[in-house]
Every structure is written in C-alpha cells, then in structure tokens.
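Report on one structure; see the data block that follows.
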Number of protein chains: 2
Amino acid sequence: MPITLSSARATPSDARAFENIVAGAMTAAGMTPLSLTDCLHKIQDYGARRHFNRNEPIFVQGEPANQVYRLISGSVRLCRYTPDGRRSVMDFLFAGDLLGFVEGAHQPAAAEAVSDVTLVAYPRQCFERLAANNAGVRTGLVRHLSRSLEGAQQHLMVLGCQNGKERMASFLLRLADPMDLVCGDRLDLVMGRQDIADHLGLTIETVSRVLATLRELGAILIPNSHQIVLRDIAALRALCAQS
Amino acid sequence: MPITLSSARATPSDARAFENIVAGAMTAAGMTPLSLTDCLHKIQDYGARRHFNRNEPIFVQGEPANQVYRLISGSVRLCRYTPDGRRSVMDFLFAGDLLGFVEGAHQPAAAEAVSDVTLVAYPRQCFERLAANNAGVRTGLVRHLSRSLEGAQQHLMVLGCQNGKERMASFLLRLADPMDLVCGDRLDLVMGRQDIADHLGLTIETVSRVLATLRELGAILIPNSHQIVLRDIAALRALCAQS
DNA sequence: CGAAGTCTTGAATTCTATCAATAGGGGTGG
DNA sequence: CCACCCCTATTGATAGAATTCAAGACTTCG
C-alpha cells in the first residue's frame, strides 16, 4: 500500500469531501498553495481525533501503516527496537508535527506517547486520494520527507562525531530551537532521562552526569529534573559546534 | 529554489523534449509507471555526462543545489563536515543510485568520488518541470526520499545502539546486500579505512582492530586491505542482530 | 627503487558503561 | 494531611571499550 500519488483507486466516500474542502481553502487563500500541515489542519474535523496516555503506543513497529497522523498536543517519541530489546529513539515530535507518512506497507518504527497526546488520524487511502488530486499536498509531502531526512542526517552527525557533553548541548539547543533563544530561557523536558539516553546513544547514568557537568560549567541550571534553564547559550553553541 | 511539483515556471527548452520521451516510454511500457531511476535513465542522453577522479568533490556542502545526478559507475560518499573539521560519512552511493535530490536551495552535504566516477547531471529546473507533468516521476521522488530516510534511520540505530564489532558487521552486510549472500563471497571495499571509520563513528585504528577481531572469530578473511571474504555470514548476522 | 600514503599493531589514556547504592518526587491510600 | 511506596534520577566505584599517541609494515605510484 505505497503512497502512490497518481493511482486512481477506490476510496472511501469521505475522500471527495476532503478534496472539496481543501480546494475551497486553497482558492480562498489566494492561490498560495497550503502546506501539508495546513491542508491536514483544514480538514482535521474529518479525521478521527484520538487520545493516548503517557507511554501508550500510538502504533508499533511492523504494524500495517494504514493511517497518517497530525499531532495536536503532547509529545511523541519515534523509536525502533532490536530483537534483543535495545531501543533507539529516532526523534521527538511535538504539536503540529506529522507522523506516519511512510512509503512501505508497514511502520518501520514505533510511535509512543511521551506525555498525554491528542492527535488526528486520517485513513491513508484518503490522504493518497487527496495527494493524487492536489499539487499542494504533493509538494507538502515532498517537503515533509525532505525535512525528516535532513533531521535524520543532522542527528547522524551528532551520534557519529560528538561526545556526551556535545550531544547533550545539541539536544538542548534543538529542543529550544523553535523559540528565539535568550539566556535564562526555561526549557521543559517532557521526556525522561531514559528517552534522552536512547536518543543520544548514551546510558541514563551518563545523561545524568553530563547534565551535572554542564551545570558545573555554568551552561545550564537544573531547577528540577523536568526543567532546564539555558544559562549560557553561547557556551552550549560552542560545545555542539556543527556547521 | 525548492522542488515545486506544481509551479509553472519558465524552463529551458530541453524540458519539453524530456517529457515527451518519458511519456512515450511510459505508454510503451504498458501503463506501468517508470521508477525515478528508470525515468532519468531513459533521458540520460539529455543530461551532461561527467567524470570525476578519486577523491574529487562532485559538489560541496553549502553550494547551490541546481543539479540532480544519477550515478553511472564508481562510488560516492555523501558527507558532512563540522567547522572544526570532523567528518561524518552519511552514506555510500553506487552505480544506479541517485544524488542531489534535496528540497532546499543549497546542498546540505558534500558528495565526493570514492573511486573514479561517471555520472549524468541534469539541470534541476528540468527535473522539476518533468516532475510537474509526470505522475510517475513524482511517485519516484517520494519513493527515493522515503528510502533515503529509511536508510538514515537504520544507520541511526547502528550508531546509537551498536559497538564496534556490531557496526562493522552491519556495514559489511549492507555492502553485500544487493548480492544474495553465500558464505565465501568476496566483497570489494572501494572506500578506505578512514571513510569506513567516519561512516561508523569510529577511528581508523578501531576499524583496523575490529576487522582483525572479526577475522580471529572466523567471520571473515582479509586477503588484502581492499577485499573481504564473508566466511561466516550467520555469525555476522548474529552480531548486528537488528530486526 | 624510493617516497608518500595507507594500513596495522602496541601501549597508555580517556571516556562511557556497568554495577550498586542512595536520594528525590509524585501519587495513593490511610 | 501525612506516610508510604514506587518510579525516576543522581552519585560513586569499578570495569570495559574506544581513542590517542607512536612506531612499524605494507601498497601504490612516480
């Protein structure tokens, strides 16, 4: 069940409604093609709104990929497991992020709720039909995939070239990225130490120690284990110096 | 200069010829949409055939991305550099692989010839025009991006979860992947030890030592530094056991 | 043949993992 | 409201893995 942008296959009756809404939204917006996120957002009432509790699986690795998702609130970890139980947290996703846009028939990774999560799920066939008839959606899909690839490659650099302190600095700055950074900004760490460890290719103990080191260096404050104050952003930037 | 699949912008005169050829090829093939690779292959005489010597840059990180490439022969490393000179080899590419299909205006990574390389370069505008009018090309682009992302995530697992021996086993099996594996198969290592090290997040010395260890375990033979005989494939598979 | 580059091997150091114990925090039930 | 318990996080001591520094062997090529 690949994401075919051209095939004219049977679709649920909702699909036509989707397209009309999107078409209307696009013309109303004055020919500016909507981003993929905006498109899904406009039709989100047609998707199924779902809720997941902390640590609940949204989908598991290997299950049929027949839905695509848009995250409304909360945060999600995207991770892969080895047969012997090791885990790699590929990425963390937050409100507004997209999820489940894969080409193959099965989910190559699992998605789990880091905090309580609300999202909208769309049948994959509906999305494919939407894409088949809407150039803006196709552009958005390509952009989404490109950005995901870009992010994965940046993280490959982190895991391939950086030591513990540098990895943590990169992680904190990436978490803070959306906000325009000012020293003293408070950062919420919704994910636990084990999640961070599996994301950075370290152990939970090393994560703790590295955070303590950054605090001793004066780069951060740790008011509690779920909050970090970025005390010296220049120092953090210097640590993770990567292009 | 994003890869817009829908915009009707001015294109070079060659673009129309591209489309006709591809359209012809597709109908001749009996409505089976061509893959992106096949599409580019069919029109490769319209691209510029170029040659690069060993270690020569094909494009550098940050340069304007205004061409896309299809590798005819030889092998290429795709890598990123940090300001302080560290290098991460994101991937190795071989004959038939695609290169340079990025969304942004600039190359996020560098491409360098590992061995002598022959490739075909197409102006990006031509490709975009082709994609705008050809559903098969769009499908192929999505598939290419999805597979690249899949590969990057698999490598994230390697760097995040595996030790030296396991990384090397994963690397050898991935290199051998296209051929259906038989114990005793000989593998050509076109890339040097430093390339392998920067790909696996190790040092050149560790790469040497890990290879020696795998030889002592009986998993491989090393007739010379550019060839590896896969002596015990089951042992290699057991080492890199990842789903 | 010589020289430069690449690869291998050795010894010491550094970083991270592992094992183990303690401390903190949040929620539940008395 | 407090006490208790479970889960999570921190800290310490030790072991192990990979890096670093250094020297020597092998290739390749002029």
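Atom set for the values below is all heavy atoms of this structure, side chains included, hydrogens, waters and symmetry mates excluded. The sequence lines fix the lettering, A, B, ..., with proteins before strands; numbering per chain opens at 1.
For A:H199, the ring-ring contact (aromatic ring centres under 6.0 Å, His included) criterion is met by A:F92, A:H155, A:F171, not counting sequence neighbours. Annotation: side-chain hydrogen bond (donor to acceptor under 3.5 Å, both in side chains) contacts of A:S115 (sequence neighbours excluded): A:S75. Looking at residues two or more places apart in sequence or on another chain, you find a side-chain hydrogen bond (donor to acceptor under 3.5 Å, both in side chains) between B:T206 and B:T203. For A:N55, the side-chain hydrogen bond (donor to acceptor under 3.5 Å, both in side chains) partners are A:R77, not counting sequence neighbours. B:R174 is linked by a side-chain hydrogen bond (donor to acceptor under 3.5 Å, both in side chains) to B:D91, counting only residues two or more places apart in sequence or in another chain. Remark: A:F59 engages A:Y69 in a ring-ring contact (aromatic ring centres under 6.0 Å, His included) (not counting sequence neighbours).
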Detail all sub-3.5 Å separations between protein N/O atoms and N/O atoms belonging to nucleotides 5-10 of chain D.
{"residue": "D:dA9", "atom": "OP1", "partner": "A:R193", "partner atom": "N", "Å": "3.1"}
{"residue": "D:dA9", "atom": "OP2", "partner": "A:R193", "partner atom": "N", "Å": "3.3"}
{"residue": "D:dT10", "atom": "OP1", "partner": "A:R193", "partner atom": "NH2", "Å": "3.1"}
{"residue": "D:dT10", "atom": "OP2", "partner": "A:R193", "partner atom": "NE", "Å": "2.7"}
{"residue": "D:dT10", "atom": "OP2", "partner": "A:S208", "partner atom": "OG", "Å": "2.3"}
{"residue": "D:dT10", "atom": "O5'", "partner": "A:S208", "partner atom": "OG", "Å": "3.1"}

Would you tabulate the nitrogen or oxygen pairs shorter than 3.5 Å linking the protein to nucleotides 13-16 of chain C?
{"residue": "C:dT16", "atom": "OP1", "partner": "A:G164", "partner atom": "N", "Å": "2.7"}

Can you name the atoms? Protein N/O to nucleotides 2-4 of chain C N/O, anything below 3.5 Å, with the distance.
none

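We find that CG of A:L200 is positioned 15 Å from C1' of C:dA17, with the value rounded to whole Å. Atom pair B:N224:CG and C:dT8:C1' shows a separation of 14 Å (rounding to whole Å applied). Taking atom CZ of B:R209 as the reference point, atom C1' of C:dA12 lies 11 Å away to the nearest angstrom. As a whole-Å value, the separation of A:L159 CG from D:dA18 P is 15 Å. Regarding B:L189, its CG atom lies at a distance of 15 Å from the C1' atom of D:dT27, rounded to whole Å.
Two residues are said to be in side-chain contact when any heavy atoms from C-beta on lie closer than 4.5 Å; B:V190 and B:F94 meet this criterion.
In this structure, A:R80 contributes its side chain and A:S88 its backbone to no donor-acceptor pair below 3.5 Å. No donor-acceptor pair under 3.5 Å is formed between the side chain of A:R70 and the backbone N or O of A:V120. No donor-acceptor distance shorter than 3.5 angstrom exists from the side chain of A:Q153 to the backbone of A:E150, with no hydrogens or angles considered.
Bending across the helix from C:dC1-D:dG30 to C:dG30-D:dC1, expressed as the angle between its end axes from five pairs apiece, amounts to 40° (10° rounding).
Residue pairs satisfying the ring pair (Phe, Tyr, Trp, His ring centres under 6.0 Å) criterion with at least one member in residues 202-225 of chain A, sequence neighbours excluded, are absent.
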For a quick test of your reading: what N or O donor-acceptor pairs under 3.5 Å do the side chains of residues 181-188 of chain A make, sequence neighbours left out?
{"residue": "A:D185", "atom": "OD2", "partner": "A:V182", "partner atom": "N", "Å": "3.0"}
{"residue": "A:R186", "atom": "NH1", "partner": "A:Q227", "partner atom": "OE1", "Å": "3.1"}
{"residue": "A:D188", "atom": "OD1", "partner": "A:Q227", "partner atom": "NE2", "Å": "3.0"}

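In terms of heavy atoms, B:A65 sits closest to B:G104 at CB-O, 4.2 Å.
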